[in-house]
Structures are given as structure tokens and as C-alpha cells.
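Each chain gets a letter, A, B and so on, in the order its sequence line appears, and its residues count up from 1.
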Amino acid sequence: MTDVTHDHASSTGISNVKLGMWAFLGSECLLFGGLISTYMLYRGRVTGGPRPSQIFDIPFTSVSSFILLMSSLTMVLAVSAAHKEDDRKINLWLTVTALLGATFVGGQVYEFTAFYKEGLGFSTSLFGSSFYTLTGFHGVHVTVGIIMLMSLVGILKRSKVPGKKAEVVEMIGLYWHFVDIVWIVIFTLVYLIPV
Amino acid sequence: MHKTLKSAVVVFVGSLVAASCATNAPQDTWQPKGPNAKLIDDLQQPVFAVAGIIGLIVAAAVTYTVIKYRDRGQPIPEQTHGKPALEITLTVIPALILAVVAVFTFGAIFKLAKTDDTEMIINVTGQQWWWEYDYPVQNEFGITSPIISSGQLVMPVGTKVLLRETSRDVIHSYWIPALNGKRDAVPGRVQTLRLEADEPGIYAGQCTEFCGLSHANMRMEAVALSKEDFAKWVANQQAPYVVPAKDSLAQQGETVFLNQCVRCHQVNGLMRADGTPAIAAPDENVWSGAAPNLSHLMSRNTFAGAAFDLLSKKCRDEVWGAPSNVVGAKYLAGVTEDCLNQKDLRAWLRNAPEMKPMYANPADLEISNGKYRGMPYLALSEDDINKLVAYLLTLK
Amino acid sequence: MTTETAPSTHEKEHGMSDAGYIRIALILAAITALEVSTYYVDFGVLFLPALLIMMVVKFVMVVSYFMHLKFDNKVFSYLFYAGLALAVGVYIVFLSTFKFFLQ
Amino acid sequence: MAIIERPAPTVPAVVTPTSTYGVLKRPVSATGWRSWVFTVDHKKIGIMYGATAMFFFIVGGVEALLIRLQLAAPNGKVLNADLYNQMFTMHATTMVFLFVMPMAAAFANYFVPLQIGARDVAFPRLNAFSFWALLFGGIFLNLAWFLGGAADGGWFMYAPNSGPVFSPTNGVDFWALGLQITGIASLAGAINLIITVLNMRAPGMSLMKMPIFTWMITVVQFLLLFAVPVITVALFLLSFQRNFGARFFDVAAGADPLLWQHLFWIFGHPEVYILILPSFGIISEVLPVFSRKPLFGYPFVVFSGAAIGFVGWGVWAHHMFASGLGPVSVAVFSLTTMAIAVPTGVKIINWTLTMWGGKLWFTTAMKFAIGLIVLFTVGGLSGVTHSVAPSDTQQTDTYYIVAHFHYVLFGGAVLGIFSGFYYWWPKVFGKMLNEKLGSWNFWLMIIGLNLTFGPMHILGLQGQPRRMYRWTEARAGEGFFNLAFWNMIASIGSFILTTGILMFLINVWVTWRNPKKAPLDPWDARSLEWMTTNPPKEHNFDVIPTVHHLDEFFHRKYEEDATTHTMKQVATAEELMAEQERNADKHIHMPSPSYWPIVLAFALPIITFGIIYSYLISVVGGVIVLFAAYGWALESSTAPDSDFENNTPGTALAIHD
Ligand code: HEA
Ligand code: HEA
Ligand code: CUA
Ligand SMILES: [Cu+2]
């Protein structure tokens, strides 16, 4: 190749996409920070319906938190496989990660229905509104992550992925881990610390 | 147009000087009439002066530079990149000025937040779009049963009054510039504001937090009375209900009132025909849950959130213009038939929402479960209105 | 000529082996177990600080190792931790104005 | 978008469409409306941002004029209470979110890549998406006017007045969801520009050699990056309450209305620096050029900009001094607010010292810049008087505040923007704006703005509250401070101001029709964006310059005489340009146009529309999002080389290797 200038390429050798992803995650800190703070402010304000301590099922949530935590491991293994260009393993670990994520979301759906049956609706109390909003936002993030993981698996199969495979896997990985660390915070602040 | 030009010139000459001597708007923020407002004023005057001087310095420096260094064909200057020492000096000076300002600011903030020297408490509740005052029992002021009033806050002079503010719907803000700065009335919270007036007088104010449709029409007045006058006012507010004379127009008005008005407006002591007390149920009709208590309507000068005068222009000017030693007596005279602002009161009864925009159109009420925000159009006949006005005049 | 990325050439410094990742995951799992145990065992005054410390440790571990921040270019760390620090600072002040920490 | 080889730079490259993802072909037009709608070129996007912002400026301005007409006399009859409340809400929303912010984005988009010697931004398609999302968000916001009434809660939309009962039309829904869309646009734009600046500077351009405009824009993008999510949270809470029955601001459920205020102002205060810093950046370019001197104390200006950005996060509650925060919070926020005057003062001082000892050339751009120094200071100083919390409790929610923020916004942000128009117009459009009309433009605006907003200081200190659809003679006072008189002056002033702005539009129209082209370097400028043609070629630079100096372009033209220390010219812009063309890069690969940005952006208002009317519509929008996202992900940002065919005779297109 001759002296080709990629006009939109980085001049520092740092990947644009990766830098962009980290900037985005920095921004997400303020989003979740706001939701968590709102929850903290309102968690004790129950004028009707159950209080947090009456409905939280700590053993159950501990298991699903653990599952999400482990999905971070499988994700990082996928990234590692991607760097080694081991396509089979990439697929395997991505799929496992998606499955673990789906289990977590499934657990959340179950939890929501259980809470709902115990009388905690979205409009029941400030606790209800802020709890569902916070955990719902997190759940949506996980769901988006699952969609991306599964899409990636599908695309990889047809090897259509534009750009560097490893980098794409890594980006989704960063997102996924972020969703996991948000849950680490939520698990402690929302579930483990009583009102 | 000529007037415009002339005045424009005057501004540039000395708005600062002039600020302290003209016949100003009643809500002028630079004319304190009590210690709290005075505290603020003593703080803000020097701050404005400092700000003005800095502004002039900047303007002068820019003007000088612009004149001195305009392109007269001089060579391109040396490409100097700055002088850190100068830079730091010019950073430190503003910081020092502000540090001084901060010290005085802190002092004032904490003085204005004090509540432990309170002598009298008045509860103030904001509601779309009027203020309700509720004087809890305070024997030392002769208040032996709660007094409920609206629009005008009546208080004794030389007394440290603490307002305990809240709201029944959205956020409002209580502000009598001559007596103190603002404090928001926030639903779900009770917040305090110190008021104290040096002299008897009527001090204008206005709701200053945007509170919906008729925010512009939500006003209030603080009426400071000498301690003796205040005692009279208290006594009058606690005076029993006076039944209108038999077969008078007013008595017919009472009947109309019982039919039409009592579902929202309380008049203490008013009895139904069957001898039971008439208890208003505004919470069933008004979204925010209350309507003004009309027991002593004619002891106030204004109505509907102080947006309209109960006194005719002439009588009103007489009260407001009265020197401080007689203003109390004039105020306590209340509204007589001669002095009543018939036009506005009648218009109000005829169609309140037209006088003051409110959510009273039945089509708008779905979301509020059929409850009004404000006073509805009641389709009263002129005949009924005559009767009602006669009746209301008896509510001294 | 591919995606909106820079074809860069730094794949070496990925600091960790798969075994290493699994080790990290085990530590994380252990801390989680400890966290959950606070629900059953009474930690007394240590309860709150212990939980918060464990939370922070887990957080930092995932970020540093799984997300590679420890090994990667410092710019990434600056970007992310700037957001995080700002969020923590601002929201603590925010909650303080509601006297949240005085309860 | 294509491979362009010298010496045929102006001939559009021809691209043969190939399929992406099986269905759609890549857009290829280099002319006509398609070349705009599907473009990813930062310059075209910049121009579209500018046009959009200008349109909304007029919309917001007409709203302002209606406000002034209504308030000219007591008991105004022009608008009723309901319409008036919508008017000031939308006036502010439009001016802030749809005029100043997009206009700053216009300048940033156009000039940041040029100033740092890049050929485009880091993510060209994302850039296009940002623009379209902004445009559709803005349209969506204003749709409410025709669908039952616009938002009516004031631009900071305090709860619970914004709740479903207190604001029963759909206006607030449109407002909250529309701002959500423009927020997405801002966030995407912020990430894009941050990465561009961090990663794509020309060789040799260290951060401390970066043009000051780019610096200020970078600070702004960081503010956006971290502030937008905060208002996103607030808007979600509001929408969830209004549309899904959440209780966040329902006092009956124990909610605290101050929650909204905090969230709004945690965003809102950084927001005001988001509005002003781009203009600070613009005049920091303009003043040195027309003073023929470098910016005085460049590092101080940079650091003070960053300091403003940082401290700006710790002052938000100064908007809530009357809310009942308690004395400790009030004292703290009072102090931090005062602190922010210091770095701002540094800027004012440095601008003045930049002119000091210079050789001042009073072009229209320069006049606007000088106007900003003086008038922003007026606004800044009234800001400092607010920071004294006890005195602010007298001023807050009066016209004194309205005076403050129009001086900083109009006297600051808008004057800076106009300075930028005059300075960069020849760069963008290759035509000079008329200086004589410019002078009219400037003086009418200065007179108009002082007559409009100056009297508001008096009105406010005389106790006239803001947001009143009518005021009454009874509270107007007499004599010199009579409210009627000053309200009338303010209203007259607003029409003089309008005439001033019309002068600008006339200027554009007149010079547009003038066939004369602008010279290559009309101002003898200093920074890299002038080291290319007017308007720049699609690929910006024939050679990516290597940077040795702050003010690189100037130093290529001038050298210091060792003995006299005066500057003497060693090269002209034309010579530098010719040299660049001689050494042009052989092979320049530009990103290709794409359908997906506009498709994805268009799906957003569909989703939000559905939230208000029917979730079915939202589902349609969601499907489009998915579809566009896949299309986007599977299309590479540049068409592969095999997509290009050299099939037009007469053009020298070549594929190397
Ligand atoms: C461009 C936008 C912009 C900018 C730059 C500023 C800058 C500042 N603002 Fe302003 N502000 C707004 C836009 C802006 N503001 C808006 C829109 C509102 C109202 C929102 C609403 O309610 O609708 C508002 C409201 C507002 C309030 C709330 C008022 C109230 O509602 O009661 C306060 C209170 O402290 C405040 C303070 C300040 C201060 C201290 C600065 C400082 O940054 C100013 C610093 C500048 C200077 C001080 C001048 C130059 C300095 C020198 C020459 C050095 C020497 C100076 C000294 C020693 C003093 N602003
Ligand atoms: C960048 C922000 C910005 C800008 C540029 C402006 C510009 C103007 N503003 Fe505004 N304003 C705000 C931001 C801004 N404002 C904010 C944030 C509020 C607070 C709102 C709230 O309380 O919620 C506010 C509130 C506000 C009020 C207070 C309303 C109230 O409290 O009741 C007033 C009143 O006079 C006002 C007036 C004006 C005027 C006359 C202009 C003029 O400068 C406008 C000049 C522009 C034009 C006139 C456009 C040019 C048009 C043409 C050239 C076309 C000509 C065509 C015809 C005449 C048909 N503004
Ligand atoms: Cu009540 Cu404004
Ligand atoms: Cu602010």
C-alpha cells in the first residue's frame, strides 16, 4: 500500500470506537447515578402497598445477581477468544453470556410479577415508582445487551462483521460489563442495605 | 417619543442615585420597611455599587483600548503571549473582592434563617390562585380561636412574625418586598419566612413562582397594624355571625348563598334553614381542596387573590394613601356599601372565570375528577347577584 | 477503510490469561457470598461500611480487569472515572440537600 | 466519499452503488437534495445545523415579539393567559435548545475538524444522525402547537405544576419527549466531537497548540456528555408520571417537588455554560485576528474555560435560593457561585489585554466581539448580585433575572454567534458579507438589545415578577420608575432589535446574489481552517498539515524580524495554498453517504408520538430503529474500494493498489 490517509482514522493510535464507548459509559454513570439517587431518596416513602423489606427476596436476588456477575466472566472469555481469533469459542462464550443475561432478565420478570402480586404496582407508592424505574432501566440495558450479543453471533456466523471482529466483541463486552457493575451497585444499595 | 429619548438619557446619567428617591412601584425591592428587608438592603446596596464600579472599569478599559489601539497604520505588534504575573494579580483581585462579599452574605443568610426569636406564628397556604392565612390560637394576641382569612395578611407592627408556608397544589412563592425576600410555598413541606414591619401600612406583594394559568393574578398584601388596631382586628375576626335583618335583601341573599355558595365557601356561624350549621365542603368541589373563608369578607380590601379591589378606587386610594398613624383606623373601617367596588364584585359573581382565568370549564374537568380549579361560572341571575351583594356586605 | 475505527496495532498488552479471568471471577463470587451473608449474620456497626467497601472492590475489579482499564491507555480511565467521580460527587451533594445522610 | 486524485478536485467522484445488507444501495449523489439528506460530510452537516438553528431563532424571536407586544401596556390583550404561558415556555425552549445549542453545534461541526487539521469527525454517520435527531426533535416539540397546545410550565417546568392535572394538554408530553430526542442528538454529538478532538488532531498539534475555539467546544462537549443524562433522568421521571402513572412528583404520595428542581438545575446550570462557552471560543478567535496579536494568556484562557466547566457543576442550587434549601446549602451554593465569577473574569481581562497594544481592525466580526466583552460583563455582574443569596430572594423570579440572563445570553452567546457569522461567512460560503450592512446590523442590535433588556433591570428591581401574562397599573408606581414606561421602552427596543436581525438576513440575501468571490484569506487569519480554499474542498486539506505553533497559519505567513521584533510577511495565503496543491496527498478516502442516519433519527419522533397517542405507533418506530440499526451496523462507514468505478470520462479517478 502506498501512503493512504484514512481521513477519519485516529492519529493517536487509540481506537475511536473504544474511546467513544468509554465516553458513553462515563455519561451513563450520571444517568444511573440520577436513577439510583432518586430511588435512595424515595425508597422509604410508602404511603400504601408494601415496604421494601416486606417484599425483597434476598436469596433469589442473590442468585440472579450471581448469574449476572458470572456472565461478565463468560463475556471476558469471549473477548479473549476474539483476540485469539478463535471463532468457535467466540460464538460459544457469546451465546453463554446471552443466555446468562436472559436468565437474569427472566429472574427480573419473575421478581416483578411476584412484587406486583404482593401489591406493589408502578403507581402504588414512591417506592414502587422509583424501584421499577431504576431496575427497569437496568433491565432494558441488559436486554439491549442480549440483542446485541445475539445479533453479533448471527452476524459472525455469516462473517459479515465490518471492521475488526475483536474490537466489535470488545465493545459489546465493555457495555456488558458496565451493565454488570451497575448491578453490583444496585444490589448493595437497593437490596442489601435496608431502609 | 421625545419623552422616550429624554428618559433614556436620564438612565445613563444616574439610575443608581435616582433609585432611592422617586415615587416607586409598590413592590420596589429597594425600600425596606422592616428589619429583615433592611438587612437584605444593607447587603445589596454595597454589592450593587461594587458591581457597578467593576462594570464601569471594564467599559472604560475597553473604550480606552479601542480608541488608543485602533489601526492607524502601525506595524503588526510583537506577538507577545501574555504576562503571567499580571494575569495572576488580575485573578486574585476579583477573588478577594468576592471573599469579602461572601463573608457578609453568610452573616445575612444565617440571620434571616433564625426562627427562635419568633413572637407570632401565621400559617400561610398557597393555592391556585390565592393565599389563605390561618392564625393558630395565640392567647397573648387575643387569638382564642383560629382565624382564617385570605388575600391580605394582617399583622401587628414591631412583632417578629414567622410565616409557616405550605401549598395545597403547586409551588407558589410568598413575597412582600418591603418586608423580606421570597420563600416558596412548596406542597408537602412547611417552610418559614420571617416578617416584621416597622410602621403601620399596606405592603404589596405577588406570587412569584409560576403556578399555572392565573399566576399573574395571584397577589397578596400585608397589612401592618399598630398593636391596638391589631387587637381590634382580631376581636372582629372572632366576632359571632350576624344574621341579616328579617325580610331584607341581604336575608334573601343568605338563602341564595346557602343554595349556591356554601358548598365551597365557609361562613362561620351561618345556619341552614333547618337550624344545622352550614359546613362548606370545598374539597368535594375544588381540586386543591379549599375556597376562601368569607366570614369577614368585608373586613378586607381585596378579593380573589388580591387581584381585584373590594373598595372603589376613591376609597382605596384613601386607605392606601393614608399616613401611617391613621391607616389602621381606615383599614379597620372595612368595606361599606358606599365604598364597595360593585362593578368588579358583581362581575365576579356573574362569571368568575372571565375575570380571572381558571380551570372552570366543565369540559376541562375530566382529569381532575370533575373538580374545579378556581371558582366556576354559576349562571346566577342578576336578581340573585343583587341579593348576594347585599348579603356579602353584611359579612363585616 | 472498514468501520469507523482505527486499525490499530496494539493487541499485545492484554495483560491477562483466561485462567486469570477465572481467578478474578472466583474472587468476585466470594465477595458476593460475603455480601449476601450480611443479610443473615449481624455485622453490627461494620455492616454499612463493609457492604460499601465490598461493593467498591467488586466494582473496581470488574472495571480494572474485565474491562481492561488497568492495562489500557490512560485516556479511557480519565474519561470513565471523570464521569464516575462527577456522578458520585454531584449526587452526594444532591442527597445532602435533602438531609439524606442525617437520617 | 470517494477517491480523489489531484488535479481534479472539484469533480464529484462517481460511485457505483453496491448493495449493503442485501436491500438498499448506498446513496451516491454528489449534487441535488440527496447530496444533503444522506451526506456525512461535517461541513454540509454544519451548514444544515446552522440553517435549522437560524429558522428556530426566528420562531423563538417571533414568540418573543408576541410576548413584548402583550406586555407593552397594562392588561395586554394580544394573548390570553393560556397562550402567553405557552409562549414564554416555548420561546425559552426554542432559543435555548433549538437555536443557541444547534448553532454552536453548527460552528463546532464545521470548524473543529478544520481547526485541528482533520478531514472529518470521528464518526461521520453518527454526526449526520445527531443533526437529523435534532431537527426531528425540534419539529416534534413544536407540533404540540397544532395538537392541543404547547407546553405551558415555563422552561424549567417545575413539578408538580407540570403534572397531568395541572397541565392537562399534551403540551408537556411533547416537551419532555421532544427534549429527550434533542438530548440524544446532543449526547451523540458530544461523544463524536470529544473523540474527534482527542484522536484526530493533525500531527504536532498538542492540546496546548489547539485553537481556543476548539478548546472551548471541547469543554462544552464534556459538559454535554455529563449534563444531558441528568436531564434525561428528570424527563423520564416526568414522562413516566404523566404517561404511565408513576408518582414521582405526587405530593399525596410523599413526593418532594424539590427533586425535579435539583435534577433540572444540575443539568441547567452546566447548560448555561454550554450556551456561552462556544461564543467565548468564537470571540477568542476573532479578537486576536483583528488585533493582529496572539490571544493574551492562552493557557489562562484555556484553564479558566475548563475551570468554568468544572465549577459549573457545583453551583446549581443558586436557582433555588428561595425554594427552602436551608441556610447551610444556601451558603455553600452562594459561595461556589461567587467563585465562578473568577475564571470568567480571567477571560474578560484576557480579551481586553489581547486588544491592548494591538492594531485593531474594526470589522463587523470584531465589533460584535467587543460588544460581547462589554455586554456579557453587564450580565455577569448582575449574575454576581444574584449569587448574594439574601439579595437574590428579592430578585429571583423578577425581571431583574430576566435582564441578567438576556444580557448573558443575547449580549453574550448571541453576539458571539453573530461575530462568528461575519468572521467565518467567507470561509463557509466563499462570499463576503457586506460590511456596511454589517455595521447597521451591529448598531441596531446593540441599541435594540440594550433598550429591550436594559429596562428589565429597573422593572425587576421595581418588583415586576416574570411570567405574568398581564401586569396592572395598580402596581406600576409613578415617576421615573413607572413600570408602564419601561415596559413600553422594552417593547419598542425589541422591534429595533428585530430590525437589526433583519439587517443580517438582508445582508445574506444581498451578498448571496453578488457573484464576487471572497479572497482566500480575507482577514489575514491565524488558524488552520483558513489554510484551505473558500469554501473548503470536500476533503478539507490537500495535505494534512504538520503543526508547530499555536496560530500555525499565521506563523507560516509571518516571521519575526530578529532585530526589530516586528512581524514581516514571508508568504501569502495563495502561495501556501499553491504549495499544498502541489504536494497533495495522492489518495484521499472520504466516508461515504448513508441512508441510515436519517432513517434512525426519523424513528425517534415516531416512538415518542406513539407514547402520547397509541403504543402501536411506538412499536412501528421501534421496528424502524431495529431495522436502521442493523443497516447501520452492517454497512461500513466507507464503501469498500470495489464499490468505486472509474467510469466517467474526463475525471481522473484512480484506485491505487
Ligand atoms: C449564557 C448563560 C449564562 C451565563 C454565562 C450565566 C452566568 C452567571 N450566572 Fe446566570 N443565569 C442564566 C444564564 C447564564 N448565567 C439563565 C438562563 C438564568 C435563569 C434561568 C431561569 O430562571 O429561567 C440564570 C440565572 C442565574 C441565577 C439564579 C437567579 C434566580 O433565579 O434567582 C444566578 C444566581 O446566582 C445566576 C448567577 C450567575 C453567575 C454568578 C454567573 C457568572 O458566571 C458570571 C461571571 C461573569 C462576571 C462576574 C463578569 C466578568 C468578570 C469580571 C469583570 C471580573 C471581576 C468581577 C467581580 C469581582 C465580581 N444566574
Ligand atoms: C438564547 C436564549 C434567548 C434569546 C436569544 C432570547 C431573546 C429574546 N427574549 Fe427571551 N427568554 C429566554 C431566552 C432567550 N430569549 C429564556 C430562557 C426565558 C425564560 C422563559 C421562562 O420563564 O420560562 C426568556 C423569557 C423572556 C421574557 C420573559 C417572559 C416572562 O417571564 O413572562 C421576555 C419578555 O420580554 C423575553 C423577551 C425576549 C426578546 C424580546 C428577545 C429578542 O432578543 C428576540 C430577538 C429575535 C428576533 C426578533 C428574531 C428575528 C426575527 C426576524 C428577523 C424575523 C422578523 C419577522 C417578524 C417580526 C414577523 N424573553
Ligand atoms: Cu401562585 Cu404564582
Ligand atoms: Cu445557574
Worksheet item: If you count the non-hydrogen atoms of other residues, nucleotides and ligands that lie under 6.0 Å from CZ in D:Phe310, is the total more than 12?
Response: no
Item to complete: Kindly say whether D:Arg247 contributes a backbone atom to a donor-acceptor pair with the side chain of A:Ser129 at under 3.5 angstrom?
Response: yes
Fill in: Toward chain D, the part of A:Ser37 with a non-hydrogen atom under 4.5 Å
neither
Discussion item. So, taking the atom named OG in A:Ser151 and the one named CG in D:Leu634, what distance separates them when rounded to the nearest 0.5 Å?
Written reply: 9.0 Å
Worksheet item: Out of curiosity, A:Leu35 CG to D:Leu237 CG, how far, rounded to the nearest 0.5 Å?
Response: 7.0 Å
Practice prompt. Could you tell me whether D:Lys209 atom NZ has more than 12 heavy atoms of other residues or ligands within 6.0 Å of it?
Written response: yes
Item to complete: Please check if the side chain of A:Arg45 supplies one atom and the backbone of D:Gly254 the other of a donor-acceptor pair under 3.5 Å.
Response: yes
Fill in: Interchain contact, D:Leu225 with chain A, by part (heavy-atom threshold 4.5 Å)
both
Worksheet item: Is the shortest heavy-atom distance from the side chain of A:Ser27 to the side chain of D:Val228 under 4.5 Å?
Response: no
Worksheet item: So what's closer than 4.5 Å to chain A heavy atoms on D:Leu224: side chain, backbone, both or neither?
Response: neither
Fill in: Which atoms of D:Phe244 approach chain A - backbone, side chain, both or neither, heavy atom under 4.5 Å
both
Worksheet item: Side chain, backbone, both or neither: which part of D:Ala234 has a heavy atom under 4.5 Å from chain A?
Response: neither
Practice prompt. Tell me, out of A:Thr38, A:Thr47, A:Leu126, who's got the most heavy-atom pairs with chain D below 4.5 Å.
Written response: A:Leu126
Discussion item. So, taking the atom named CD1 in D:Ile195 and the one named CE in A:Met21, what distance separates them when rounded to the nearest 0.5 Å?
Written reply: 11.5 Å
Practice prompt. Check each of D:Ile194, D:Asn199, D:Ile191 against A:Leu19 using the side chain to side chain contact (heavy atoms under 4.5 Å, CB included) test, and report the only one that passes.
Written response: D:Asn199
Worksheet item: Taking all non-hydrogen atoms of both residues, which atom of A:Leu31 and which atom of D:Val233 are closest, and how far apart?
Response: O-CG2, 3.3 Å
Worksheet entry | Interface moiety of A:Phe32 toward chain D, non-hydrogen atoms closer than 4.5 Å | neither
Fill in: Spatial distance of atom CG (A:Leu41) from atom NE2 (D:His262) [nearest 0.5 Å]
9.0 Å
Worksheet item: Side chain, backbone, both or neither: which part of A:Ser130 has an atom under 4.5 Å from a heavy atom of chain D?
Response: both
Discussion item. For the backbone of D:Asp256 and the side chain of A:Tyr42, can you confirm whether one donor and one acceptor N or O come within less than 3.5 Å of each other?
Written reply: yes
Worksheet item: Residues of residues 100-123 of chain A under 4.5 Å from chain D (heavy atom pairs)?
Response: A:Phe122, A:Ser123
Discussion item. If you compare all heavy atoms of D:Trp313 against all heavy atoms of A:Leu30, which two are closest, and at what distance to 0.1 Å?
Written reply: CZ3-CD2, 4.3 Å
Worksheet item: Yes or no on side-chain contact (heavy atoms from CB on, under 4.5 Å) for A:Thr133 and D:Phe240, after CA distance, side-chain angles and deciding distance?
Response: CA-CA 9 Å; A:Thr133 302; D:Phe240 286 180; 3.7 Å; yes
